[in-house]
Undergrad: 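This is the structure, below, for whatever I ask next.
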Amino acid sequence: MDCIFCQIVAGKIPADILYQDEEVIAFRDINPLAPVHLLVIPRKHIPSPVQLSEAESSLMGKMVNTANQLAKKEDIAESGYRLVINCGQQGGQGVPHLHMHLLGGRQLSATLG
Ligand code: 5GP
Ligand code: ZN
């Protein structure tokens with residue numbers, strides 16, 4: 001198990017965890033690109049959205065809901081925020097465990113990529 005996010009799920013490496021339940025876990029990004037930069041991940045090791053089965057598709061809704069709740073808690077729901085999922089090499093995915101970025105707390109660029 002050399003996946004860094006699986007190790008965070010297992011409590012083997014520390015993270016600033018803000019929320020967890022039986023399906024998802026959310027923690028602060030170690031290298032924040034905005035005043036609020038959180039990651040929401042499934043506990044289960046799913047490498048990327050490509051590997052998400054139809055049976056697991058509700059997990060994505062759960063991740064969005066979790067991010068929305070955290071945006072309220074972090075007080076950026078009104079000002080606005082961005083949810084991002086990088087997928088694969090050209091999509092800029094560095095960690096091969098499905099994760100959603102929640103970015104906010106500053107004006108984000110209007111362009112993507
Ligand atoms: P990606 O580029 O794969 O979409 O994003 C991976 C994110 O995970 C990056 O923003 C990176 O800073 C973050 N990250 C990588 N390793 C760790 C870690 O060990 N702990 C935490 N909290 N974040 C990490
Ligand atoms: Zn993993």
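Order of appearance sets the numbers: ligands from 1, and atoms from 1 within every ligand.
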Undergrad: In the protein, which heavy atom is nearest to atom 23 (N) of ligand 1, and how far is it?
TA: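 Answer for atom 23 (N) of ligand 1: Ile30 N, 3.2 Å.
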Undergrad: At what distance, to the nearest 0.5 angstrom, does CZ of Arg82 lie from NE2 of His101?
TA: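 One gets 12.0 Å once the value is rounded to the nearest 0.5 Å.
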Undergrad: What part of Leu39, side chain, backbone, both or neither, has a heavy atom within less than 4.0 angstrom of ligand 1?
TA: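 Leu39 to ligand 1: side-chain contact only, backbone stays beyond 4.0 Å.
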Undergrad: Nearest non-hydrogen atom to atom 11 (C) of ligand 1 belongs to which of Ile41, Asp29, Asp16?
TA: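 Considering heavy atoms of Ile41, Asp29, Asp16, the nearest to atom 11 (C) of ligand 1 sits in Asp29.
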Undergrad: Which atoms of ligand 1 have any heavy atom of Ile8 under 4.0 Å away?
TA: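 The atoms of ligand 1 under 4.0 Å from a heavy atom of Ile8 are 20 (N).
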Undergrad: Within this structure, what is the SG-CD distance for the pair Cys87 and Gln51, rounded to the nearest 0.5 Å?
TA: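 Atom-to-atom, Cys87:SG and Gln51:CD are 7.5 Å apart.
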Undergrad: Counting only heavy atoms closer than 4.0 Å, does ligand 1 sit against the backbone of Ile4, its side chain, both, or neither?
TA: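 The answer is the side chain.
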Undergrad: Would you say Val95 has any N or O atom under 3.5 Å from an N or O of ligand 1, going by distance alone?
TA: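 In this structure, Val95 places an N or O atom under 3.5 Å from an N or O of ligand 1.
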Undergrad: For His101, take its heavy atoms, then give the atoms of ligand 1 lying under 4.0 Å from any of them.
TA: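 So the answer, numbered in order with elements, is 1 (P), 4 (O), 5 (O), 7 (C), 10 (O).
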Undergrad: Determine the sole option in Leu18, Val40, Ile8, Leu38 for which the side chain to side chain contact (heavy atoms under 4.5 Å, CB included) test with Phe27 is passed.
TA: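 The option that passes is Ile8.
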Undergrad: By number and element, which atoms of ligand 1 are closer than 4.0 Å to a non-hydrogen atom of Gly94?
TA: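 So the answer, numbered in order with elements, is 1 (P), 2 (O), 3 (O).
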Undergrad: Search all heavy atoms of Lys62 against all heavy atoms of Val24 and return the closest pair with its distance.
TA: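 For Lys62 versus Val24, the nearest heavy atoms are CG-CG1, 3.8 Å.
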Undergrad: Rounded to the nearest 0.5 Å, what's the gap from CG on Leu70 to OH on Tyr19? Could you check?
TA: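 That separation rounds to 8.5 Å.
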Undergrad: Under 2.8 Å from the Zn ion (ligand 2), which protein N/O/S atoms are there?
TA: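 Short answer, with waters excluded from the count: Cys3 SG, Cys6 SG, His45 ND1, His97 ND1.
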Undergrad: In sequence, state the C-alpha distance, the side-chain angles, and the governing distance for Phe5 and Leu98, and then conclude on side chain to side chain contact (heavy atoms under 4.5 Å, CB included).
TA: CA-CA 9 Å; Phe5 287 176; Leu98 175 62; over 6 Å; no
Undergrad: Set out, in order, the CA-CA distance, both residues' side-chain angles and the distance that settles side chain to side chain contact (heavy atoms under 4.5 Å, CB included) for Glu74 and Leu102, then state yes or no.
TA: CA-CA 11 Å; Glu74 296 286 312; Leu102 164 61; 5.6 Å; no
Undergrad: Taking only non-hydrogen atoms of Ala15, do any sit less than 4.0 angstrom from ligand 1?
TA: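 Not so, Ala15 does not reach ligand 1.
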Undergrad: Using a plain distance cutoff, I'd like to know if Ile13 has any nitrogen or oxygen under 3.5 Å from a nitrogen or oxygen of ligand 1.
TA: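 For ligand 1, there is no N or O atom that lies under 3.5 Å from one belonging to Ile13.
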Undergrad: Given Pro42, which partner from the list His99, Glu56, Met100, His97 fulfils the side chain to side chain contact (heavy atoms under 4.5 Å, CB included) test?
TA: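 Answer to the side chain to side chain contact (heavy atoms under 4.5 Å, CB included) test with Pro42 among His99, Glu56, Met100, His97: His97.
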Undergrad: In Å, rounded to the nearest 0.5 Å, how long is the span from CG of Asp16 to CG of Leu39?
TA: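 Separation between the atoms: 11.5 Å.
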Undergrad: Could you check if a side-chain atom of Val84 sits within less than 4.5 angstrom of a side-chain atom of Leu112, using non-hydrogen atoms only?
TA: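 The answer is no; the side chains never approach within 4.5 Å.
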Undergrad: N/O to N/O below 3.5 Å, does that happen between Phe27 and ligand 1?
TA: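 No, no N or O pair falls under 3.5 Å.
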Undergrad: Taking only heavy atoms of Asn86 into account, list the atoms of ligand 1 that are under 4.0 Å away from them.
TA: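 Going through ligand 1 atom by atom, the ones under 4.0 Å from Asn86 are 1 (P), 2 (O), 4 (O).
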Undergrad: If you count the non-hydrogen atoms of other residues, nucleotides and ligands that lie under 6.0 Å from CG in Asp75, is the total more than 12?
TA: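 Check fails, neighbour count at 12 or below.
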Undergrad: Hey, which atoms in ligand 1 end up nearer than 4.0 Å to a heavy atom of Asn31?
TA: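 Heavy-atom distances to Asn31 below 4.0 Å select 12 (O).
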Undergrad: Given Gln93, His99, Arg28, Gln7, which one has a non-hydrogen atom that is nearest to atom 5 (O) of ligand 1?
TA: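 Among Gln93, His99, Arg28, Gln7, the closest heavy atom to atom 5 (O) of ligand 1 belongs to His99.
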Undergrad: Any chance you could measure Arg106, atom CZ, to Ser79, atom OG, to the nearest 0.5 Å?
TA: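 Separation between the atoms: 12.5 Å.
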Undergrad: Look at atom 2 (O) of ligand 1 and say which protein heavy atom is nearest, naming residue and atom and giving the distance to 0.1 Å.
TA: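 Answer, as residue, atom name and distance: Gly92 O, 3.1 Å.
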Undergrad: What closest approach, in Å, do Gly105 and Ile76 show between heavy atoms, and which atom pair accounts for it?
TA: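 In this case the closest contact between Gly105 and Ile76 is N-CG2, 3.8 Å.
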